[in-house]
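To start, the structure itself, in structure tokens.
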Amino acid sequence: YDINILRRHSLNVSPPLFDTMVAAYLLNPESLSLTLKSVSRTYLSQTGRDYGEVIGEAEDFSHLDVTKAAEYSCEDSLSALNLKEKLLAELKNKELLEVFEKIEMPLLLVLSSMELKGVKIDTALLKEFSKELEERLKQLEKDIYREVGEEFNLNSPKQLAHILFDVLGIPTKGIKRTKTGISTDVSVLETLAPRYPVAEKLLQYRMLFKLKSTYVDALPKQVSPITGRLHTNFNQTIVATGRISSSDPNLQNIPLRTEDGKRIRKAFIAEEGNKLISADYSQIELRLLAHLSQDEQLIKAFKDRRDIHSETAREVLGIPKSTPLSEEDRRVGKTINYGIIYGMSGFRLARDLGVPVSVANEFIEQYFKKFPRVKEYFSSVKEAVKKKGYIETIFGRKRFLKYVKVEGKDAGFLRRVALNAPLQGSAADIIKLAMIQLQDCLTEKNLLSEAYLILQIHDELLLECAEAKVEEVLQVVKEIMENVVSLQVPLEVDVGVGRNWLETKEDRR
DNA sequence: TCACCATGCCAC
DNA sequence: AAACGTGGCATGGTGA
Ligand SMILES: Nc1nc2c(ncn2[C@H]2C[C@H](O)[C@@H](COP(=O)(O)OP(=O)(O)OP(=O)(O)O)O2)c(=O)[nH]1
Ligand SMILES: [Mn+2]
Ligand SMILES: [Mn+2]
């Protein structure tokens, strides 16, 4: 965060770096507040208050009482220095120094460059699309009001529930509940749709409204007037598993699933004369599961270059090898694979698939029978948490879980968290290392002015690249990502090139 | 006007 | 909310 303020003023920051927020994050990735003040309170037993608390009633820092301001600032300077020693010792103690020095500190510079570069979007295209959505939403709204016989606020789940279950009198037996009443979420509307055509319209309305409000209208507003591009924040100290998050705007959840959603991805474009390159790890957490569990069946599957997401999809949807599998169907397979390994219930699986619970339960049982070591691995995870109080990734990143909690009433939840963290976290470690190596490599080859990272989407890297350098960069990216670590199974990376982000996903070479 | 919670849904 | 996990953001609804 602060590094960008320095960089914006054209100051260079050079390694080795030490960032107190990042250090404190590694020591406790679940922690919500990692401000200098709160970290000092924890590790230096200081008593000072946060910026916001100090400001209090004053308008801003410059209006603050001089004594208070001086107090605050002196403490900050002292903190940064004293804290460094303390945190370093703690990192060593907990065997987190390697992750800190080899991954997080070098990554800080990479992320900062990515934020400064930003990504170009086609605002004209989005503005056009917005108008079209406006029309379609208006029509849907009219249709819905006509079908239910009255007007109400379609964006209020509470009012909608009232209309559906009180006014129309749709029976609520077996329908999902929220804390405050009856749910109207997509799974509910999908259940209603065959009997009540209005539900189909509501689903359509919900989807389009979501796309319009969250992306189509919001993104153009956030384009920087200075660079003409969209700059996200990559947050390095938020996600408890070690992933990075993206905010203001979040560019890690740009739509892809639906046809209308795809039109938004299409608006992420390369500068004239450039191309976008996308590189996405294939089945990454399943591969990591194969490695960590040592399951022979799973290891063999990946050595044979099989696609488990597709196989699962064909199996549950009953689609023969002779019929091509749609993207949508493969996504179903993916959801089932990750759902089952991370502890999904037969009930939920049954609901998602629209099959009887007995069938779903049977499927889950068969699944673990097919990969016998997976169950054993998960027992070992449980043991590790009990014994050590934390679980870790292949690079030693740790997530500390309270033993009392593991045994207590949130035991189920804690168990699933513990199952997920090593896999999601290892995937995060791997792509972070790849980003660092890639940046180094591009720098060395003097390519940075023609090829640079612009986004990271958990297991995918998006680069912008001069057309003339595409073939070379493609090779480098794939090579680095696939070989950043050597596991029991090969890591495979799907790469694609295009004028826009959607094309890179359709390209897949 | 703001913060907060709840619901819902986009992505990985 | 009936045992997939990790996020961020929009809206409505409420209260200060
Ligand atoms: N628990 C859970 N994790 C998910 C889910 N979707 C994605 N992930 C995690 C696990 C994936 O390995 C990782 C990257 O997502 P991707 O969409 O790239 O899927 P994946 O790499 O498995 O397959 P693919 O790239 O399509 O070959 O994010 C999900 O529905 N549940
Ligand atoms: Mn992937
Ligand atoms: Mn991906």
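By convention in this document, chain letters (A, B, ...) are assigned in the order of the sequence lines, proteins followed by strands, and residues within each chain are numbered from 1.
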With heavy atoms under 4.0 Å as the rule, sort [X] into base, sugar-phosphate or nothing.
{"X": "A:Arg351", "result": "nothing"}
{"X": "A:Ala427", "result": "nothing"}
{"X": "A:Thr335", "result": "base"}
{"X": "A:Leu256", "result": "sugar-phosphate"}
{"X": "A:Gln424", "result": "base"}
{"X": "A:Leu419", "result": "nothing"}

Taking atom types as modelled, is there a side-chain donor on [X] or [Y] under 3.5 Å from an acceptor on the other?
{"X": "A:Tyr342", "Y": "A:Gln424", "value": "no"}
{"X": "A:Arg331", "Y": "A:Thr335", "value": "yes"}
{"X": "A:Thr258", "Y": "A:Asp260", "value": "no"}
{"X": "A:Ser245", "Y": "A:Asn235", "value": "yes"}
{"X": "A:Asn420", "Y": "A:Thr241", "value": "no"}
{"X": "A:Glu135", "Y": "A:Gln139", "value": "no"}
{"X": "A:Asn153", "Y": "A:Ser156", "value": "no"}

Please report the distance, rounded to the nearest Å, between [atom1] in [X] and [atom2] in [N].
{"X": "A:Asn337", "N": "C:dG5", "atom1": "CG", "atom2": "C1'", "value": "14 Å"}
{"X": "A:Asn253", "N": "C:dG7", "atom1": "CG", "atom2": "P", "value": "14 Å"}
{"X": "A:Leu286", "N": "C:dC4", "atom1": "CG", "atom2": "C1'", "value": "13 Å"}
{"X": "A:Asp459", "N": "C:dG5", "atom1": "CG", "atom2": "C1'", "value": "15 Å"}
{"X": "A:His458", "N": "C:dG5", "atom1": "NE2", "atom2": "P", "value": "16 Å"}
{"X": "A:Ile254", "N": "C:dC9", "atom1": "CD1", "atom2": "P", "value": "11 Å"}
{"X": "A:Asn420", "N": "C:dG5", "atom1": "CG", "atom2": "P", "value": "8 Å"}
{"X": "A:Leu353", "N": "C:dC4", "atom1": "CG", "atom2": "P", "value": "13 Å"}

Exercise for the section: Enter the distance from A:Met114:CE to A:His231:NE2 here, rounded to the nearest 0.5 Å. Expected result: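 A:Met114 atom CE to A:His231 atom NE2 measures 13.0 Å (nearest 0.5 Å).
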
Problem - Closest listed nucleotide, where the reference is the side chain of A:Lys210 and the choices are C:dG7, C:dC9, C:dA3 - result: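 Of all the options, the side chain of A:Lys210 is nearest to C:dC9.
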
Handout entry: Of A:Ser183 and A:Ile340, the one whose closest DNA chain C nucleotide lies more 5'
Key =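 Mapping each residue to its closest nucleotide by heavy atoms, the 5'-most match is A:Ser183.
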
Problem - First of A:Ile175 and A:Leu349 reached from the 5' end of DNA chain C, by closest nucleotide - result: A:Ile175

Handout entry: Annotated protein contacts, base or backbone, on nucleotides 11-16 of chain C with a non-hydrogen cut-off under 4.0 Å, one of B, S, - each
Key = SSSS--

Exercise for the section: Would you check, one step at a time, whether the test ring-ring contact (aromatic ring centres under 6.0 Å, His included) holds for A:His309 with A:Tyr338? Expected result: CA-CA 9 Å; A:His309 292 332; A:Tyr338 291 120; 5.4 Å; yes

Between [X] and [N], is there a side-chain N or O to OP1/OP2 distance below 4.0 Å?
{"X": "A:Thr241", "N": "C:dT6", "value": "no"}
{"X": "A:Ser345", "N": "C:dC4", "value": "yes"}
{"X": "A:Arg416", "N": "C:dG5", "value": "yes"}

Exercise for the section: Using a strict 4.0 Å threshold on nitrogen-to-oxygen distance, state whether A:Lys402 and A:Glu30 make a salt bridge. Expected result: no

Practice task
Quick one: sort the A:Phe363 and A:Tyr367 rings into parallel, tilted or perpendicular, breaks at 30° and 60°.
Solution key: tilted

Handout entry: C:dC4 versus B:dC5 - spacing of their P atoms, nearest Å
Key =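 It comes out at 25 Å once rounded to the nearest Å.
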
Exercise for the section: Provide the start and end nucleotides, 5' to 3', of the part of DNA chain B that has atoms under 4.0 Å from heavy atoms of chain A. Expected result: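 Extent of the interface on DNA chain B: B:dA6 to B:dC12.
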
